[in-house]
There are 2 protein chains.
Amino acid sequence: MPPARPETDATPGPRRHEGAVREMAGYNLKRAYIVLHSAAQEAAAEFDLRIPTFSCLSVIVRNPEITPSKLAEMLRIERSNTVVIVDELETRELVSRKRMKTDRRRYALSATVRGRHLHDQAAEAIAQAEATCLTRLSDDEQALLVEMLNRIEGSMTG
Amino acid sequence: MPPARPETDATPGPRRHEGAVREMAGYNLKRAYIVLHSAAQEAAAEFDLRIPTFSCLSVIVRNPEITPSKLAEMLRIERSNTVVIVDELETRELVSRKRMKTDRRRYALSATVRGRHLHDQAAEAIAQAEATCLTRLSDDEQALLVEMLNRIEGSMTG
DNA sequence: CGAATGTAGTTATAGTCAATAACTATTATC
DNA sequence: GATAATAGTTATTGACTATAACTACATTCG
């Protein structure tokens, strides 16, 4: 990378240039992420869900009897952070905690009927909110984007 | 979106499926972002910089005499949050704060020679760290990715 | 068996980042 | 000249993540 100098071209007025960050993939990723996240957050809020809460519910719906440890591993969050979220989901009767008989250290998490209904409604709303952010991308481009993002994610973890 | 049901296919063993989140663009964006951000963070840490601090420095280097308000606007952060960052940059003598004579409410922020040097070194290191995360994407793909991310960002703000 | 080790869940705590409101000083408006 | 607007600051809050230490239970192995 060549040294960054104040750009001394004779453009009149205070034309501003973002720094080296603007060319960095991570920075662009973050800004796009904020747009999508805000939209999703707003949609989820109508169901009194925050994004991490919805994500946990979503994984539990598709994986009945999942343990908190496995849930944490799949969402790449710390086990300790699942506790508060599952607490809330249980209090709202969206998810049930059941001691496992084979290993009494573990809990089996399953979504209740109410949990599944709320999940499906929220998932629909969030998907629509995201679609609004992606109107400038064709279907093919959206698919390619997700595929490339997964390649980036996979580049580190395997 | 069709209702999410526990997938009852007869696959043996505890094969797990992530929930609806896995198909959501925002979720994939986040996971890829975390990979890139972690790598960048690690690289920046060698220069005692955190990412927001580096970003501010980067913008100031390219925009001598920029005001904190303009800096906040460009990075889409709150003005109040620039204060602590600029404080640190000033203490480390990477950036100077100068009262403007035309408007004594404003400060003009400029990078010092030391600030520019540190910036260039850090930018180089961060770019290399990012490159490691992007090895699975061709140059064309990387360019396309950034371009698509900018289209997403632009879909809301203009 | 039973002591040592490991694992699952939990609790408490701290750090990072973003956002808000309220304040001071200065400038612009009418 | 009074009022409103702007720039920077301060203090505080909240969301999310990460770490360490704790308990209860299970496994390993002498």
Side-chain angles (χ1 to χ4, degrees), chain A residues 14 21 26-27 29-31 33-38 40-42 44-45 48-56 60 65-91 95-109, chain B residues 14 21 26-27 29-31 33-38 40-42 44-45 48-56 60 65-91 95-109:
Chain A
V21 281
Y27 183 68
L29 213 43
K30 178 176 191 172
R31 291 176 71 137
Y33 165 66
I34 288 172
V35 167
L36 270 163
H37 185 259
S38 303
Q41 199 167 42
E42 202 174 322
D48 275 306
L49 291 170
R50 278 164 299 124
I51 298 298
T53 315
F54 169 75
S55 302
C56 285
I60 295 168
E65 310 245 304
I66 192 174
T67 64
S69 288
K70 194 75 190 169
L71 173 65
E73 182 191 329
M74 292 181 72
L75 289 173
R76 312 227 181 166
I77 59 183
E78 292 300 313
R79 273 175 307 161
S80 61
N81 291 327
T82 66
V83 179
V84 180
I85 295 174
V86 175
D87 279 349
E88 185 199 333
L89 289 172
E90 194 185 26
T91 301
V95 157
S96 71
R97 256 188 186 112
K98 237 177 22 193
R99 278 275 183 215
M100 281 184 161
K101 287 172 185 168
T102 56
D103 186 342
R104 299 196 45 250
R105 290 171 301 182
R106 300 188 189 193
Y107 283 116
L109 304 174
Chain B
V21 282
Y27 183 69
L29 212 43
K30 178 176 193 172
R31 291 175 72 136
Y33 166 66
I34 288 171
V35 168
L36 270 164
H37 184 260
S38 303
Q41 199 166 43
E42 202 173 323
D48 275 307
L49 291 169
R50 281 164 297 124
I51 299 297
T53 314
F54 169 75
S55 302
C56 285
I60 294 168
E65 312 245 304
I66 192 174
T67 65
S69 288
K70 194 74 191 170
L71 173 65
E73 182 192 328
M74 292 181 73
L75 289 173
R76 311 228 181 166
I77 59 182
E78 293 298 313
R79 273 175 307 161
S80 61
N81 290 328
T82 65
V83 179
V84 180
I85 296 173
V86 175
D87 279 349
E88 186 199 333
L89 290 172
E90 194 186 25
T91 301
V95 157
S96 71
R97 259 188 184 113
K98 237 176 23 191
R99 278 276 184 215
M100 281 185 162
K101 287 172 184 168
T102 57
D103 186 341
R104 301 196 42 252
R105 289 171 301 185
R106 300 188 188 193
Y107 283 115
L109 305 174

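All chains are named by letter (A, B, ...) in the order of the sequence lines, taking the proteins before the strands, and each is independently numbered beginning at 1. Just so it is clear, the structure is predicted and the values come from calculations on it, not from any experiment.
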Atom pair CG (A/N81) and CG (A/L75), whose distance is rounded to the nearest 0.5 Å: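 A/N81 CG to A/L75 CG: 11.5 Å, rounded to 0.5 Å.
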Round to the nearest Å and state the distance from [X] atom [atom1] to [N] atom [atom2].
X	N	atom1	atom2	answer
B/D87	D/dA11	CG	C1'	14 Å
A/D103	C/dT7	CG	P	12 Å
A/M100	C/dA8	CE	P	11 Å
A/E88	D/dA15	CD	P	10 Å
A/L49	D/dC16	CG	C1'	16 Å
B/Y33	D/dT17	OH	C1'	12 Å
A/I51	C/dC17	CD1	C1'	17 Å
B/Q41	C/dG15	CD	P	15 Å

Assuming nearest nucleotide by heavy-atom distance, tell me which of A/K101 and A/T53 is located more 5' along DNA chain D.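 Between the two, 5'-proximity favours A/T53.
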Side-chain N or O of [X] versus OP1/OP2 of [N]: is the shortest distance under 4.0 Å?
X	N	value
B/R106	D/dA7	yes
B/S69	D/dG8	yes
B/R104	C/dT26	yes
B/R97	D/dT9	yes

List the residues meeting side-chain contact (heavy atoms from CB on, under 4.5 Å) with B/E73, not counting sequence neighbours, and say none if there are none.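 For B/E73, the residues satisfying side-chain contact (heavy atoms from CB on, under 4.5 Å) (neighbours in sequence not counted) are B/K70.
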If I compare all heavy atoms of [X] with all of [Y], which pair ends up nearest, and what's the gap?
X	Y	value
A/T67	A/L109	C-CD1, 4.3 Å
B/A72	B/T82	CB-CG2, 3.7 Å
B/E88	B/D48	OE2-O, 4.1 Å
B/Y107	B/P68	O-CD, 3.6 Å

Choose from C/dT27, C/dG6, C/dT10 the nucleotide whose nearest atom is closest to any side-chain atom of A/R105.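 Minimum distance to the A/R105 side chain belongs to C/dG6.
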Just compare C/dT11, C/dT27, D/dC25 and give me whichever is closest to any side-chain atom of A/V83.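 Within the option list, the nearest is C/dT11.
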If only atom types and distance count, is the side chain of B/R79 paired as donor or acceptor with the main-chain N or O of B/S69 below 3.5 Å?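 Checked: no pair found.
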For nucleotides 18-22 of chain C, print each protein N/O atom paired with a nucleotide N/O atom at under 3.5 Å, atom names and distance only.
residue	atom	partner	partner atom	Å
C/dA18	OP1	A/K30	NZ	3.0
C/dA19	N7	B/N81	OD1	3.4
C/dA19	N7	B/N81	ND2	3.0
C/dA19	N6	B/N81	OD1	3.3
C/dT20	O4	B/S80	OG	2.7

